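I have placed the structure first, in the form of structure tokens, so that the comments after it can refer back to it.
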Amino acid sequence: MAVLETIRVKFGVLITVLIAVALLSFIIDPTTLQNVASSMSSKYDVGEIDGKSISYTDYQKDVEKTKDVMELLGFQANSEQAQSYVRDEAWKELFDKYYFIPNAESAGIYVGDQEALDLISGDNISPVIAQMFSDENGFNREAFLNFVDYCRADQTGRYKELLNYLCNAAISQQYYSKYFSLFSASNITNELDLRKEIADNNNSVNAEFVMVPFGFAKDTTVQVSDDEIKAWYKSHKKVAAYKDLLTRKASRDIEYVVYDILPSAEDIAEANNEIASLVEDFANTSNVKSFLSANYCSFDEKYYKEGELKSIAPEVDEFVFNNGGKNISGVLAHGTDFYVVRILDTKKEEGVVKKQVAVLKKESVAGKATVNEIYSRARDFANQAGNSYKDFRAAVDSQSVYAHSANLLEGASRIGSLENAKEITRWAYEAKKGDVSEIFDINKDYFVVAVLKGINKEGYKDVSEVSSTIREILYSQKIGDVKAAEVAGKIAGLSDMSAIAEALGTTVSTKEGITFSSLTSQGLDPAFIGAVTSAEEGVISAPVKGSFGIYVFKVTGKETGAHYTEDDAANKTAQMNQYLSQMLMASMTDGVVTDNRARFY
């Protein structure tokens, strides 16, 4: 059916629309979602949404349905990234079903039956559907209706599910659109605030000022006590701005030993001999492309200029452009990889010589005997490490190997330099403290043996873990107060900026056109900007404590412009609304959603 091909082409547009409104979440036939039996352990739950446990079995059914719908639209979930996208679709649909839409309706937001019909087939077609069934003249209603007829006639039922998908997407998008509009409409700037904003951004000041920097050397006379640290910790535990500092996510501390699976000298020599045996046939073949394919190499028809082949190997580039007239190289070695290069054609483009080449490559890989020998060493280590951290450390010392350390968040796929190492993370979250792992085979590149050193539960950090950071915060506050008092004492009675600069051992600086606008005042201390733009002209200020030092200034002039308009204010409000809508989803899920999918995927 021709219209289906059009849908597949425009599916990328649909994805953009869905992401733009945070709607990655539409599943067909939600009646398959069932409550998890109370007897089932949370060990088999992929998470929880607003108190509703989501079992792996039920969630996986939704994932498969989502995948089937995506495939009808031409989306192939072959890569890990694509599979992750499909799983996110299923997860977000559950969030909508169990939390977002019920709460939107509790706030008085509804999508009625007539409104839903209008979105799907009436005059107010949803962008989700319109984007997929549009041509140069806009929405093609006939194409959409033909698609509906086709779905209804489909005996397999798959396209009916696809139709449901689109309808659900349209309705869900409407819920989000109304919900976000509610917040945007509540962000009102009244006439007085608007005029003040325009005036503030059109008024600029010129100023003379001096700045006494705090400096990098610690002032030993400024002390922060342990009691002050504890008091600050207690008073800031519930402050949102310090949540990341004072809390931690659940994590695991591990140590691990890595055995690189590298080719031996014999393996390298074998690779060299193998490619050397192909040189003559490679030089004489009439079908270069087929020859390369038969030897697991690809052919690129591109013409290269000098230097571009260095991305393959410097030796390859050197031969191609400095070969003394030869068209076929011998074996070129780069590390443990070997190349044979054949020059096929040469041409000039705008005076630049370019060459078309065929490159035969042979990588040295660890042979079976080498792999077995490396595995044997890993097995000996694992046997000696036993099943305790003490034994693991004893094995590290006796076998003179290096133990790496890592702190793992749940679902971590990268551990140090190890890619695709999620199986180690899964083990760490199932193991008990002190357990030693089996031998992990990571990407056929490494054998890894790990020990679980510690288990960190989610929650507040102990004050001892953050005391050094809190000490720095309190020190900065105290040193600012001390320096401000020192400056005030040194300039007492002075009424001239030059005299003040001399008393403080610095010089007078000037700045013109200072405004609230971050674009025109970029690089200045925010505390200084706030103080100077609201100061009286011609009056020397009291010391102002900034982020970098203490400021003393005098406003030397004020100017009024007209560059900041109502349109600028409206654009600023629109940007703020967009920011709030982005933050809304994150704040909405905080404390409501527990996502344990990383344990299973």
Side-chain angles (χ1 to χ4, degrees), residues 36 40-49 51 53-56 59 91 229-230 233-234 237-238 242-259 378 381-397 401-442 446-470 589-601:
V36 178
M40 180 173 289
S41 169
S42 61
K43 179 180 180 181
Y44 302 103
D45 293 340
V46 296
E48 185 178 285
I49 299 175
S53 296
I54 311 299
S55 75
Y56 171 82
Y59 173 66
W91 182 252
I229 292 173
K230 291 176 182 177
Y233 172 85
K234 184 177 180 180
K237 285 180 70 172
K238 301 297 184 180
Y242 294 98
K243 180 179 179 181
D244 290 340
L245 170 63
L246 301 181
T247 63
R248 62 163 168 258
K249 295 180 179 179
S251 66
R252 299 294 185 268
D253 295 322
I254 68 167
E255 291 185 11
Y256 60 100
V257 172
V258 178
Y259 292 87
F381 176 86
N383 289 338
Q384 185 177 349
N387 200 36
S388 71
Y389 179 70
K390 180 179 179 180
D391 290 341
F392 181 92
R393 290 305 313 177
V396 168
D397 294 337
V401 293
Y402 180 76
H404 304 263
S405 298
N407 176 262
L408 307 180
L409 295 177
E410 192 163 19
S413 180
R414 181 185 177 94
I415 302 175
S417 60
L418 303 178
E419 299 279 2
N420 303 318
K422 188 173 284 188
E423 60 181 310
I424 298 178
T425 304
R426 290 199 189 102
W427 166 82
Y429 274 81
E430 293 176 356
K432 296 178 181 179
K433 184 177 178 180
D435 283 357
V436 176
S437 74
E438 60 188 11
I439 299 173
F440 295 106
D441 184 348
I442 307 299
Y446 312 98
F447 291 128
V448 178
V449 180
V451 63
L452 181 59
K453 184 178 179 181
I455 297 175
N456 305 308
K457 295 182 178 180
E458 183 175 357
Y460 286 103
K461 299 175 184 176
D462 187 80
V463 65
S464 62
E465 298 177 70
V466 292
S467 61
S468 60
T469 303
I470 297 174
T589 59
D590 189 24
V592 172
V593 175
T594 301
D595 187 350
N596 296 326
R597 291 179 294 157
R599 298 176 183 174
F600 301 87
Y601 299 96

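For this chain, numbers begin at 1 and follow the sequence in order. All of these numbers come straight from a predicted model, not from anything done at the bench.
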Distance-minimising heavy-atom pair for Val451 and Gly434: CG2-O, 3.9 Å

From CA spacing to verdict: side chain to side chain contact (heavy atoms under 4.5 Å, CB included), Val436, Ser388: CA-CA 6 Å; Val436 176; Ser388 71; 6.0 Å; no

Rounded distance (nearest 0.5 Å) linking atom CZ of Arg252 with atom NZ of Lys457: 9.0 Å

Nearest non-hydrogen partners of Tyr429 and Leu408, listed with the distance: OH-O, 2.9 Å

Aromatic plane relationship, Phe600 with Tyr56 - under 30° parallel, 30 to 60° tilted, over 60° perpendicular: parallel

Tyr402 and His404 aromatic ring geometry - parallel, tilted or perpendicular at 30°/60° bounds: perpendicular

Under 3.5 Å donor-acceptor, Tyr256 side chain and Ala406 backbone: no

For Gln384 against Ala395, the heavy-atom pair lying closest together: NE2-CA, 3.6 Å

pair Asp253-Asn407: side-chain heavy atoms closer than 4.5 Å: yes

Backbone N/O of Gly416 and side chain of Arg414: donor-acceptor pair under 3.5 Å: yes

Pairwise distance CG(Asp244) to OH(Tyr242) - rounded to 0.5 angstrom: 12.0 Å

Working for side chain to side chain contact (heavy atoms under 4.5 Å, CB included), residues Glu423 and Ile442: CA-CA 9 Å; Glu423 60 181 310; Ile442 307 299; 3.6 Å; yes

Least distance between heavy atoms, Ala598 atom then Lys422 atom: O-CD, 4.4 Å

Nearest-0.5 Å distance that lies between atom CZ in Phe447 and atom CD1 in Ile439: 7.5 Å

Closest contact, heavy atoms only, Trp91 versus Gly47: CH2-CA, 3.9 Å

Main-chain N/O of Tyr44 paired with Arg599 side-chain donor or acceptor, under 3.5 Å: no

Worked check of side chain to side chain contact (heavy atoms under 4.5 Å, CB included) between Asn387 and Asp435: CA-CA 5 Å; Asn387 200 36; Asp435 283 357; 3.8 Å; yes

Distance (rounded to the nearest 0.5 Å) between Trp427 CH2 and Leu452 CG: 5.5 Å

All salt bridge (charged side-chain N to carboxylate O under 4.0 Å, His left out) counterparts of Asp441, not counting sequence neighbours: Lys444

Thr594 vs Asp45, side chain to side chain contact (heavy atoms under 4.5 Å, CB included): CA-CA, chis, key distance, verdict: CA-CA 10 Å; Thr594 301; Asp45 293 340; over 6 Å; no

Given Leu418, Val257, Ile415, the one that forms side-chain contact (heavy atoms from CB on, under 4.5 Å) with Val448: Leu418

Flag if over 12 foreign heavy atoms under 6.0 Å of NZ, Lys461: yes

Under 3.5 Å donor-acceptor, Thr425 side chain and Ala412 backbone: yes

Carboxylate-amine/guanidinium contact Arg393 Glu255, below 4.0 Å: yes

Which atom of Ala250 lies closest to which atom of Leu409, heavy atoms considered: O-CD2, 3.6 Å

Ile455 side, atom CD1; Ile254 side, atom CD1 - distance, nearest 0.5 Å: 12.5 Å

Distance, nearest 0.5 Å, that separates OH of Tyr601 from CZ of Arg426: 10.5 Å

